[in-house]
Amino acid sequence: MFKSTNLDQFPFPFTDGNYRYSNDLKQLQDVNCIEITPEYKVQIQKKRELLEEQPDIRFQSFPYTMEMQWEVLEMLVDMAVDRYPEYFKVEKNENHWTFQNLILEEKETFIFGDETSIPHEPLDFIGRHFHNDFILMVHRDDNFYLEVGQISYAALFSANWNKGMSFDEIHAPVPFVSRTGVDLMARVRDFLLRIEPGSPWTRINWNLMADRWDVNYETMDVWGPERSKVNEENAGKLVHLRVEEQKFYRMPRSNAVLFVLNTQFLPLEDLPKRPEWLELTYSVLQDIPKPMAEYKGIAPFLAPSVAYLKNLVKEVKVK
Ligand code: HEM
């Protein structure tokens, strides 16, 4: 199972030891979403395998989104070349483009705007060069609708399952969001409606995974029973803290919001490398209300994970 090795690039999610929801959106400082990690090749290989294995679950779009997808392709190519000129190159002769990925030694030649010149739809095509998940939320009727998605690292989410859903429908199962009588998700949606081109926003979401890269409803028969393999002894290796760095971009031409996810994993046994992370993770996990653990799909292995962390915290303190 793949894990992050460069802890400086790991988006550790907790800042205090309690568990609660809030509107934690922040303005994104570095607007470029392309990030090459030491695990790049493994991530891309796995992402492409998943896309080949279950293409209809992992990529979905509506036919009228082609122009919007080309706009995303252009943005991602420009960002990649701008940030990593040693890894990515592009030549644009009017509509005739050549994009080179020097890490994978791949050269893509195509006609910008012409889907027949590429083997997949534009976002599915360019998304295979970056380890992120990409979702295009189209702005209509004061809401956003999921109309294109390339999703390979899902936590109870898939392009197939969520295609066509509004922002509100997607978030309907989230528990506690209106605990205080305030509809947090309606506020977040209104906030997203005000995002301007050129000023993206970001937030972090997290979960735990039991020896899995991704979980979606379509493969629940496989990963569901596996969660009960976890015990107090093996939790350090099997259970991973799964963190999604989420970025939200208003696309200037289509007015859609592009949602980019950078998902990273850290096995619980690596937490002592940053003792403050170990303490915070233990503290948050033992504070999670039961309905929340159930919603996140972690209820079957939360107790052994917390017990494992409790022992680890003691061991680290003794040393
Ligand atoms: C616009 C793009 C967004 C998409 C496509 C999206 C998608 C999702 C999905 C699929 C889930 C899981 C829902 C389920 O249980 O079925 C989720 C959960 C959630 N989303 Fe969003 N989301 C978006 C933006 C946001 C924003 C801006 C926030 C800001 C607060 C947010 C907050 C949450 C929270 C708190 C959860 C529950 C997560 C957990 O505890 O595991 N989402 N979102």
Side-chain angles (χ1 to χ4, degrees), residues 11 13-14 18-28 33 57-58 60-61 65 68 72 123 132-140 142-180 182-195 199-209 214-218 220 240-251 254-263 284-285 287-299 302:
F14 309 127
N18 295 359
Y19 186 67
R20 60 171 188 276
Y21 282 142
S22 58
N23 181 358
D24 48 357
L25 282 159
K26 294 189 177 69
Q27 190 129 29
L28 186 62
C33 66
I57 292 180
R58 300 176 192 283
Q60 283 287 341
S61 70
T65 57
M68 305 183 198
V72 175
L123 197 142
N132 312 75
D133 287 335
F134 299 101
I135 293 140
L136 208 51
M137 299 289 292
V138 174
H139 183 170
R140 234 181 318 110
D142 278 344
N143 211 326
F144 291 102
Y145 294 83
L146 193 152
E147 300 201 342
V148 191
Q150 186 196 54
I151 305 166
S152 313
Y153 301 83
L156 291 175
F157 187 32
S158 80
N160 172 56
W161 189 272
N162 296 92
K163 181 183 178 186
M165 283 190 188
S166 68
F167 181 87
D168 302 40
E169 285 165 337
I170 291 172
H171 291 94
V174 179
F176 297 143
V177 288
S178 56
R179 188 170 35 172
T180 55
V182 177
D183 186 346
L184 177 67
M185 282 307 157
R187 284 194 173 182
V188 171
R189 183 202 55 219
D190 289 348
F191 181 85
L192 285 180
L193 285 167
R194 294 197 299 272
I195 292 187
S199 296
W201 288 72
T202 185
R203 72 179 285 267
I204 283 179
N205 194 26
W206 69 274
N207 209 329
L208 295 178
M209 286 276 168
D214 75 320
V215 295
N216 50 40
Y217 294 112
E218 291 88 345
M220 199 162 179
H240 289 65
L241 180 59
R242 172 194 184 280
V243 184
E244 274 173 14
E245 198 181 5
Q246 309 182 336
K247 298 178 182 174
F248 306 90
Y249 295 82
R250 174 75 77 170
M251 300 304 294
S254 67
N255 209 29
V257 163
L258 177 68
F259 179 32
V260 182
L261 293 101
N262 165 25
T263 305
V284 170
L285 293 188
D287 188 46
I288 294 189
K290 198 157 175 272
M292 183 57 70
E294 267 157 21
Y295 161 74
K296 279 178 171 285
I298 62 180
L302 183 62

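Keep in mind the model is a prediction, meaning the values are calculated, not measured. Ligands are counted one by one from 1 in listed order, and the atoms in each one are counted from 1 as well.
Classification of the H139-F144 ring pair by plane angle, with boundaries at 30° and 60°, yields tilted.
Residue contacts with ligand 1: D24 is placed with no nitrogen or oxygen under 3.5 Å of a nitrogen or oxygen of the ligand (distance criterion only). For a threshold of 3.5 Å applied to N or O pairs, the pair formed by Y295 and ligand 1 contains at least one separation below that value.
Once rounded to the nearest 0.5 Å, the distance linking CG of L258 with CE of M251 reads 6.0 Å. Between the OH atom in Y153 and the CZ atom in R58 there is a gap of 10.5 Å [rounded to 0.5 Å]. Rounding to the nearest 0.5 Å gives a distance of 7.0 Å between NZ of K26 and CD1 of I204. Atom CG of N262 and atom CG of D133 lie 9.5 Å apart (nearest 0.5 Å).
For E294, the salt bridge (charged side-chain N to carboxylate O under 4.0 Å, His left out) criterion is met by K290, not counting sequence neighbours. Remark: D168 pairs with R189 by the salt bridge (charged side-chain N to carboxylate O under 4.0 Å, His left out) rule, at least two apart or across chains.
With atom 38 (C) of ligand 1 as the reference point, the heavy atom nearest to it among N205, L258, L261 is part of N205.
Residue contacts with ligand 1: N207 is excluded, as none of its non-hydrogen atoms falls under 4.0 Å. Heavy-atom separations between F248 and ligand 1 include at least one value shorter than 4.0 Å. Heavy-atom distances between V257 and ligand 1 stay at or above 4.0 Å for every pair. For the ligand labelled ligand 1, residue F144 lies outside the 4.0 Å heavy-atom shell.
The backbone N or O of E169 sits less than 3.5 Å from a side-chain atom of S166, completing a donor-acceptor pair. Checked by atom type and distance alone, the side chain of T65 never pairs as donor or acceptor with a backbone atom of V148 at under 3.5 Å. When atom types are taken as modelled, the side chain of K163 and the backbone of S61 share a donor-acceptor pair closer than 3.5 angstrom.
For W201, no heavy-atom contact with ligand 1 is shorter than 4.0 Å. If you look at V174 next to ligand 1, the close heavy atoms, those under 4.0 Å, all belong to the side chain.
For ligand 1, the atoms sitting less than 4.0 Å from at least one non-hydrogen atom of V188 are 26 (C), 27 (C), 28 (C), 29 (C), 30 (C), numbered in the order shown with element in parentheses. The distance from ligand 1 to the heavy atoms of F157 drops below 4.0 Å at these ligand atoms: 10 (C). Numbered from 1 in the order shown, with element, the atoms of ligand 1 that lie under 4.0 Å from a heavy atom of M137 read 1 (C), 2 (C), 5 (C). Annotation for ligand 1: atoms under 4.0 Å from non-hydrogen atoms of M185 are 32 (C), 33 (C), 34 (C), 35 (C). The distance from ligand 1 to the heavy atoms of K296 drops below 4.0 Å at these ligand atoms: 39 (C), 40 (O), 41 (O). Distances below 4.0 Å separate heavy atoms of I170 from the following atoms of ligand 1: 7 (C), 8 (C), 9 (C), 10 (C), 13 (C), 14 (C), 16 (O).
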